[in-house]
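Please read the structure below before turning to the comments.
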Amino acid sequence: MLCLSGLSVALALALVPGPSEALKEGECEVCVSFLGKFYQSLTDNNVKFTSADIENAIVKTCKDAKGKENRFCYYIGATSDAATKMINEVSKPLSYHAPVEKICEKLKKKDMQICELKYDKQLDLTTVDLKKLKVKDLKKILEEWGESCKGCAEKSDFIRKITELMPKYAPAAAKARTDL
């Protein structure tokens with residue numbers, strides 16, 4: 001009798017589903033976003049969905065990637081300085097039109113760092129007080145715009161450069177700041 005109850009407990013535990021491997025809301029943010037945009041670019045450019053063509057396209061796309069997306073490319077091995085090569089973990093499922101969420105789930109199992117990547121929060125330039133930001137944040141704004149501040153030594157220099165370039169890169173924010 002004891003043997004039978006032990007067997008039934010083991011059977012019940014085997015039938016109970018384990019922890020779900022599905023991604024939670026906001027998890028693998030960079031992976032899902034990057035691969036989603038990448039998949040859309042493949043379909044827009046009528047690229048053949050073969051593993052080799054997709055791998056070439058990933059490497060080409062990753063050359064222009066910046067910030068967190070460049071770090072993602074590094075983790076999957078699509079950059080020239082990457083230590084690993086997991087591009088086939090992306091290209092093969094994409095060739096079968098697998099959902100990017102499922103691809104990111106599999107990548108998460110291979111390397112947890114991929115799902116730990118998160119985009120930096122965007123500053124609302126219409127309302128933020130530039131004088132209260134750190135110099136690091138001011139430099140980041142200029143970097144996102146693809147600009148640099150040569151000869152900037154003090155915080156006020158960075159603020160002056162940002163306000164000077166704001167109409168070009170953030171016209172809505174520049175207009176809102178002049179209306180204040």
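These numbers come from a predicted model, not from an experiment. Counting begins at 1 with the first residue of the sequence.
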Take the SG atom of C104, take the SG atom of C31, and say whether they are under 2.5 Å apart. yes

Please walk me through it: do I76 and E89 pass side chain to side chain contact (heavy atoms under 4.5 Å, CB included)? CA-CA 8 Å; I76 64 169; E89 299 288 333; over 6 Å; no

If you draw a 6.0 Å radius around NZ in K110, do more than 12 non-hydrogen atoms from other residues or ligands fall strictly inside? no

Exam field: side chain [X] to backbone [Y], donor-acceptor pair closer than 3.5 Å:
X	Y	result
S33	V30	no
K139	F158	no
N45	V47	no
K118	E29	no

Calculate, to the nearest 0.5 Å, the distance between atoms CD and NZ belonging to E147 and K168 respectively. 5.0 Å

Check the orientation of H97 and Y39. Use parallel for under 30°, tilted for 30 to 60°, and perpendicular for over 60°. perpendicular

Might you point out which heavy atoms bring Y75 and I114 nearest each other, and give the distance in Å? CB-CG1, 3.7 Å

Please walk me through it: do I141 and Y169 pass side chain to side chain contact (heavy atoms under 4.5 Å, CB included)? CA-CA 10 Å; I141 292 169; Y169 293 102; over 6 Å; no

Would you mind reporting whether I159 and I162 have side-chain heavy atoms less than 4.5 Å apart? no

Could you go through residues 50-69 and list every donor-acceptor pair under 3.5 Å that involves a side-chain atom there, pairing it with any protein atom two or more places apart or in another chain?
{"unit_1": "T50", "atom_1": "OG1", "unit_2": "D53", "atom_2": "N", "d": "3.3"}
{"unit_1": "T50", "atom_1": "OG1", "unit_2": "D53", "atom_2": "OD2", "d": "3.1"}
{"unit_1": "E55", "atom_1": "OE2", "unit_2": "S91", "atom_2": "OG", "d": "3.2"}
{"unit_1": "N56", "atom_1": "ND2", "unit_2": "A52", "atom_2": "O", "d": "3.3"}
{"unit_1": "T61", "atom_1": "OG1", "unit_2": "A57", "atom_2": "O", "d": "2.8"}
{"unit_1": "E69", "atom_1": "OE2", "unit_2": "K37", "atom_2": "NZ", "d": "2.7"}
{"unit_1": "E69", "atom_1": "OE2", "unit_2": "Y119", "atom_2": "OH", "d": "2.7"}

